[in-house]
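First up is the structure itself, then whatever we jot down about it.
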Amino acid sequence: MSSNVRVRFAPSPTGYLHVGGARTALFNWLYARHTGGSFILRIEDTDKARNTAEATQAIYDGLNWLGLDWDEGPFKGGNHGPYFQSEREDIYLRYFNRLKGAGHLYEEANGAWRFRSQRKVVVLDDLVCGHIEFDLTNPETHPDITIRRPDGGWIFHFVNVVDDIEMKMTHVIRGEDHLSNTPKHLELYAALGAQPPRFAHIPLILNRDGSKMSKRDQGASIAGYIEQGYAPEAVRNYLCLLGWSPKENREIIPIEEITAKFDVPHLNRKNASFDLEKCHWMNVQYLVQMSLERFMQLSLPFIQKAGISYGTEDALRPVLAIVKEKTKQLDEVPDRIGFFFTEAYSFEEEAVEKTLRAPGALEKLLVLAGRYEASPEWTPEALEATLKATAAEQSWKNKELIHPARIAVSGRSVGPSLYHMMEVLGKERTVARMRATAARFAV
Ligand code: GLU
């Protein structure tokens with residue numbers, strides 16, 4: 001399916017990509033994918049003093065991570081470029097001269113240029129906010145907008161409108177914080193004799209206490225989710241629910257289904273409430289439910305960054321299989337798996353004192369090592385049966401073997417299931433670790 005719908009994400013690269021911006025990008029992307037239209041990325045970098053290369057990179061990284069691919073824009077090209085406002089000077093000059101020639105502009109004493117309002121009531125039929133009439137008749141409350149600075153720099157309102165005309169946008173889906181700008185933009189469209197796009201102003205994202213979400217709030221930066229190892233599909237699913245919801249009371253919804261159902265008139269009118277705990281919960285659900293291959297794909301950057309020599313993916317896979325269930329964020333993975341891949345794993349001091357230094361613990365560990373060495377079968381079930389049989393024979397409690405065994409093979413008192421851990425380590429390494437531990441702490 002393809003259509004003539006053209007929507008865009010038009011960020012100003014002045015900081016990092018925050019949740020509000022990502023949600024705006026996501027809704028535009030969803031609408032483009034729903035309608036078979038095009039999603040355009042345009043970088044609004046006219047404010048030279050505040051724009052940075054890092055901020056632009058954070059936009060690419062965040063969109064790529066969330067899987068919001070654009071059809072035209074940086075790296076992609078397209079028929080309506082350039083897609084950086086800083087490279088569109090000649091286009092702006094052309095439009096500026098048109099407005100000037102038609103008598104819509106006047107120059108201030110300081111050299112700034114203003115656009116003369118028609119002083120009318122401007123009507124907006126917003127796809128989310130509905131029919132709104134903006135009374136612009138009073139110059140006191142609605143002064144003429146500046147479109148060009150004394151230094152020749154362009155003001156947002158003007159270049160935003162020019163680009164939406166030139167890039168043939170059919171819909172503008174953006175945050176409600178821009179609603180008050182829209183009548184000014186509509187006046188510019190009229191003066192330029194251009195048909196305006198349909199507007200959809202989406203509700204603000206608020207903190208749970210009702211305050212406006214700011215850059216300093218926890219969970220505000222998309223980079224934070226990337227660093228902490230959230231699954232991108234989980235964060236994307238969570239963001240979809242900030243202003244949109246399916247009719248049924250469901251929350252975990254595959255993106256294909258959201259794309260099929262998403263439509264602009266379904267967007268909520270009321271503000272969305274941001275709940276980091278909910279996002280975290282959703283991430284855990286996604287991690288538990290995803291395939292092992294996907295879990296490995298998402299974990300690999302963290303494992304590699306931690307410098308763990310895991311050998312091959314075939315060696316890594318069974319280890320990840322036993323830590324997957326308990327992992328809440330992917331940045332935990334290196335710590336959870338490190339001991340599998342080195343004999344120089346560290347021991348928790350408290351566990352050593354409490355368990356390994358308990359009278360007789362190391363002797364018991366050696367007895368178990370002997371039984372395991374002689375054991376023909378190396379499955380979790382067999383390992384459990386052998387441990388319990390050994391304990392029963394010697395009149396020990398199971399835990400008198402379980403605790404020292406766990407600490408011996410992993411160095412720590414908590415972790416994945418002991419029997420699965422030993423299964424993955426294999427007989428040779430399990431027995432060797434038990435003997436080495438007994439020798440090391442025998443004093
Ligand atoms: N550069 C503007 C912003 O980041 C774009 C607003 C719009 O989408 O029209 O807020």
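Start at 1 and go down the list; that is how both ligands and their atoms are numbered. Positions are given from 1, in the same order as the sequence printed here.
A salt bridge does not link E332 with K328: every distance from a Lys NZ or Arg NE/NH1/NH2 to an Asp or Glu carboxylate oxygen is 4.0 Å or more. Between E343 and R433 there is a salt bridge, since at least one side-chain N of the basic residue sits less than 4.0 Å from a carboxylate O of the acidic one. A salt bridge is absent between K48 and D151: the closest approach of a Lys/Arg side-chain nitrogen to an acidic carboxylate oxygen does not fall below 4.0 angstrom.
Of the listed residues (K76, R33, R8), just one forms a salt bridge (Lys or Arg N to Asp or Glu O under 4.0 Å) with D71, and that residue is R33. Tested against W113, the residues Y92, Y106, F96 include a single ring-ring contact (aromatic ring centres under 6.0 Å, His included) partner, F96.
Within 6.0 Å of the CG atom in D209, the count of heavy atoms belonging to other residues, nucleotides or ligands exceeds 12.
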Hey, what polar pairs (N/O, under 3.5 Å) does ligand 1 make with protein?
from: ligand 1; atom 1: 1 (N); to: A10; atom 2: O; distance (Å): 2.8
from: ligand 1; atom 1: 1 (N); to: S12; atom 2: OG; distance (Å): 2.9
from: ligand 1; atom 1: 1 (N); to: E44; atom 2: OE1; distance (Å): 2.6
from: ligand 1; atom 1: 8 (O); to: R8; atom 2: NH1; distance (Å): 2.8
from: ligand 1; atom 1: 9 (O); to: R8; atom 2: NH2; distance (Å): 2.7
from: ligand 1; atom 1: 9 (O); to: N160; atom 2: ND2; distance (Å): 3.1
from: ligand 1; atom 1: 9 (O); to: R174; atom 2: NH1; distance (Å): 2.8
from: ligand 1; atom 1: 10 (O); to: H178; atom 2: NE2; distance (Å): 2.7

